[in-house]
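Inspection log for the structure reproduced underneath, given as structure tokens.
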There are 2 protein chains.
Amino acid sequence: MISASLEDYLEFIHNTILEKKEIKAIDISKAFSISRPSVSEALIRLADMDLIIYEGRKGIKITKKGIEQAKKTVKKHQILSDFFVEILMIDKQTAEKNACKIEHVIDDEIIEKMKKYKESKLKNNEQS
Amino acid sequence: MISASLEDYLEFIHNTILEKKEIKAIDISKAFSISRPSVSEALIRLADMDLIIYEGRKGIKITKKGIEQAKKTVKKHQILSDFFVEILMIDKQTAEKNACKIEHVIDDEIIEKMKKYKESKLKNNEQS
DNA sequence: ATAAAAAGTAAGGAGTGCCTAACAATGATA
DNA sequence: TATCATTGTTAGGCACTCCTTACTTTTTAT
């Protein structure tokens with residue numbers, strides 16, 4: 001199983017590649033305020049798990065497996081954050097912060113129920 | 001800040017003392033399937049944080065600070081589990097399992113909103 | 001009372017995830 | 001082109017949380 005930290009880094013790698021087509025180790029270092037050696041280490045671990053292809057200075061590529069893993073996390077994050085904001089009326093910032101932590105530990109089953117709950121709730125509001 | 005593991009152990013210590021008036025290191029070892037040396041270590045760390053008083057074979061006592069900390073965790077656990085079961089219709093076992101993990105990372109603010117949401121929902125159901 | 005079982009401790013090891021300091025490679029610029 | 005800044009790696013260290021093995025202490029049962 002992937003750790004919360006590595007999952008965060010993978011999520012960031014995925015999002016950044018989608019946005020800017022490429023990512024460097026230093027970007028991760030800055031984004032998470034961790035040292036460059038710690039990033040190197042994390043990237044090696046992600047590569048060991050076949051979630052990325054890491055060729056040092058030649059760049060970071062995300063694998064199919066990595067994309068799937070990252071997408072799952074992003075989805076969980078999105079649903080959690082939306083649920084907190086729209087159903088529980090939590091402010092955006094707190095919702096995001098908590099989604100970031102909970103996304104690593106919550107089961108898919110609960111995420112699915114949250115999604116359905118939110119959808120049915122919004123439908124009811126349209127009708128009324 | 002206390003770690004998830006230590007928080008789990010403290011919660012268990014508190015609950016067990018409430019139930020049976022006393023607890024021994026071996027009980028924690030069995031409950032969490034960790035070795036006796038790991039329990040010793042954890043108890044020393046909890047004692048260092050003034051959450052318990054640990055006098056080796058003489059027993060484990062929980063401090064005022066420890067009780068407060070444990071109660072907070074228990075409360076979070078309860079609200080999370082209830083919310084999952086009653087609002088999201090999650091089965092009891094899954095709800096418990098997830099509450100155990102989320103209770104360590106979620107903010108009080110969201111817990112409070114979950115509690116209020118559940119209460120107002122139940123009130124509405126009574127009226128109808 | 002003594003031997004066996006149970007509970008706890010000490011010592012040493014491993015993986016994770018972070019750090020700093022120092023070095024190497026790459027790239028930009030004067 | 002030579003120098004300086006940026007980026008990345010190596011080496012060594014630390015804290016946490018778990019482990020095993022071996023030892024000690026306490027309790028229990030014969």
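Reminder, nothing fancy here: chain letters follow the sequence lines and each chain counts from 1.
Atom C1' of nucleotide D:dT6 and atom CD1 of A:I28 are separated by 16 Å, given to the nearest angstrom. Between B:I26 atom CD1 and D:dT28 atom P there is a gap of 14 Å when expressed in whole angstrom units. Taking atom NZ of A:K58 as the reference point, atom C1' of D:dT9 lies 15 Å away to the nearest angstrom. In this structure, A:L6 atom CG and C:dG15 atom P are separated by 15 Å, rounded to whole Å. The interatomic distance linking A:L10 (CG) with C:dG17 (P) rounds to 13 Å, in whole Å. The distance from atom CD1 of A:I2 to atom C1' of C:dT16 is 13 Å, rounded to the nearest whole Å. In this structure, CD of B:E22 is placed 12 Å from P of C:dA7, rounded to the nearest angstrom. Rounding to whole angstrom units, NZ of residue A:K24 and P of D:dT6 are separated by 11 Å.
Counting heavy atoms from C-beta on, the side chains of A:L10 and A:T73 never come closer than 4.5 Å. The shortest distance between side-chain heavy atoms of B:V74 and B:E11 falls below 4.5 Å. The closest side-chain heavy-atom distance from A:I79 to A:F84 is not below 4.5 Å.
Looking at residues 31-45 of chain B, you'll see B:R36, B:P37, B:S40 sit with a heavy atom under 4.0 Å from some atom of DNA chain C. Applying a 4.0 Å cut-off to non-hydrogen atoms, none of the residues of residues 97-105 of chain A approaches DNA chain D.
Considering only side-chain N and O atoms, A:S29 lies nowhere under 4.0 angstrom from the phosphate OP1 or OP2 of D:dT7. Distances shorter than 4.0 Å separate some side-chain N or O of B:Y9 from OP1 or OP2 on D:dC18.
The two atoms that bring B:I23 and B:I28 nearest to each other are CD1-CG1, 4.0 Å, heavy atoms only.
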- Message: Is there a side-chain hydrogen bond (donor to acceptor under 3.5 Å, both in side chains) between A:Q78 and A:D82? Walk through the geometry before answering.
- Response: CA-CA 6 Å; A:Q78 199 56 54; A:D82 285 357; 3.3 Å; yes
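Remark: side-chain polar atoms of A:D50 are not paired, donor with acceptor, to backbone N or O of A:T63 under 3.5 angstrom.
Listed nucleotides C:dC18, D:dT17, C:dA7 differ in distance to B:S5; the shortest reach to its side chain belongs to D:dT17.
A continuous path of Ile, Leu, Val, Met, Phe, Trp and Tyr side chains, each step under 4.5 Å between heavy atoms, connects A:M114 with A:L88, placing both in one hydrophobic cluster.
With A:I111 as the partner, the side-chain contact (heavy atoms from CB on, under 4.5 Å) test is satisfied by one option alone out of A:H77, A:K116, A:K72, A:K76: A:K76.
Between the side chains of B:D8 and B:S5, no donor-acceptor pair is found at a separation under 3.5 Å.
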